[in-house]
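Everything numeric here is computed off the predicted structure, so don't read it as measured data.
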Amino acid sequence: MTINRKIQTLDEFTIQQLRNFPNATGELSGLLRDIGLAAKRVNVEVNKAGLVDILGDAGSMNVQGEEVKKLDVYANDQFAGVLRHGISCAGIASEELDDILVFDDEISNNSKYVCLLDPLDGSSNIDVNVAIGTIFSVLPRLSPKGSPVNTADFLQQGIKQIAAGYVIYGSSTLLVYATRRGVNGFTLDPSIGEFTLSHPNMQCPPAGKIYSVNHGNYFQYQTGIQQYITACQEKNAATGGPYTQRYIGSMVSDIHRNLIKGGIFMYPAIAGRPEGKLRLLYECNPFAFILEIAGGKATNGRQRTLEIQPTSVHDRTPFFIGSTEMMEELDKYISAG
Ligand code: AHM
């Protein structure tokens, strides 16, 4: 068997990045390694979801009032477990938990970071074998070291993120993470059980031809957004329209595709839900950070997502994200609508 010396694992990559910063403590590398480990464990269960009795409702509702699937619970436990036992994370906020989870022990009280997670996003797709994902965000602690973290450590604007990323459990399993230095993607190589660098320095094309939105909600959207959607469907020499509509209903997959191919993803306000469906801290901020680092844009239709001040860990927000030129076009319709 020949060994491919060119492959670079997630651990090798993060350690190499660390070497560029002589004063770095390695805590972020450790945290990313922990997330990679939990993702591998979740991946194993996702892959056999159709085979074992882990599939199905856990019979409870999460704090958002949504049905919790067993795999959501499993994923939450895995991420919480590895982060609690690592040295880098002082506590987590998770879409699956009512309150923040503070790791109140001597090591964690001195850890630099807190982590915000959607352990298994798009879980309604599990039953039908559609790609689902994990989304994570890393913030620096605000409270002094030596003490347990508190809610204020988690209620920071997205611009404060140190890193953010996602894992797709799809036709292959991919972990993508961003720091201010760039966005890089790692595909899980099942033969060695390691995430290996497959998508270095990811860039979102400035223009694209894909728009992703739930058309079933069309009549609930504000006029400007309806008009933008109509424009996406029209022949337009300037924009290259008509665009192609693609909507999986699993934002990790939808935004990942648009990041690679160029496109726009929208989850606007709908009737009875002026803040939309998606969670600011677990879903929107991490993707906004990743896309901005990759050259794209993300807003709530009025304001840059990364500048929204959260008021609670479970805040929701309308969300528009994608290629810069498409986002600028959308802005014009929203302003005029
Ligand atoms: P979930 O938290 O129940 O998994 O829902 C989040 C998902 C996103 O991944 C996706 O973009 C969105 O819900 C789809 O919602 P809808 O079915 O309303 O279009």
If you draw a 6.0 Å radius around [atom1] in [X], do more than 12 non-hydrogen atoms from other residues or ligands fall strictly inside?
X      : atom1 : answer
Arg302 : CZ    : no
Asn129 : CG    : no
Lys40  : NZ    : yes

Just checking, is any N or O donor in the side chain of [X] or [Y] under 3.5 Å from an acceptor N or O on the other one?
X      : Y      : value
Tyr211 : Thr244 : no
Asp11  : Thr9   : no
Glu275 : Thr317 : no
Tyr247 : His215 : no
Asn300 : Thr305 : no

Could you go through Arg279 and Glu95, starting from their C-alpha distance and side-chain angles, then the distance that decides it, and tell me whether this counts as salt bridge (Lys or Arg N to Asp or Glu O under 4.0 Å)? CA-CA 8 Å; Arg279 284 52 129 218; Glu95 194 210 319; 2.4 Å; yes

Does the ring centre of Phe186 sit less than 6.0 Å away from the ring centre of Phe195?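 Ring centres of Phe186 and Phe195 not closer than 6.0 Å.
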
Who are the side-chain contact (heavy atoms from CB on, under 4.5 Å) partners of Thr25, not counting sequence neighbours?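 Testing Thr25 for side-chain contact (heavy atoms from CB on, under 4.5 Å), a comparison that skips the adjacent residues, returns Glu27, Lys112.
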
Is a salt bridge present between Arg304 and Glu292, judged by a nitrogen-to-oxygen distance below 4.0 Å?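 Answer for the salt bridge query: yes.
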
Please output the side-chain donor-acceptor pairs of residues 100-108 that fall under 3.5 Å, not counting sequence neighbours, one pair per line with the distance.
from: Asp104; atom 1: OD1; to: Asn109; atom 2: ND2; distance (Å): 2.8
from: Asp105; atom 1: OD1; to: Ile107; atom 2: N; distance (Å): 3.1
from: Asp105; atom 1: OD1; to: Ser108; atom 2: N; distance (Å): 2.8
from: Asp105; atom 1: OD1; to: Ser108; atom 2: OG; distance (Å): 3.2
from: Asp105; atom 1: OD2; to: Ser108; atom 2: OG; distance (Å): 3.3

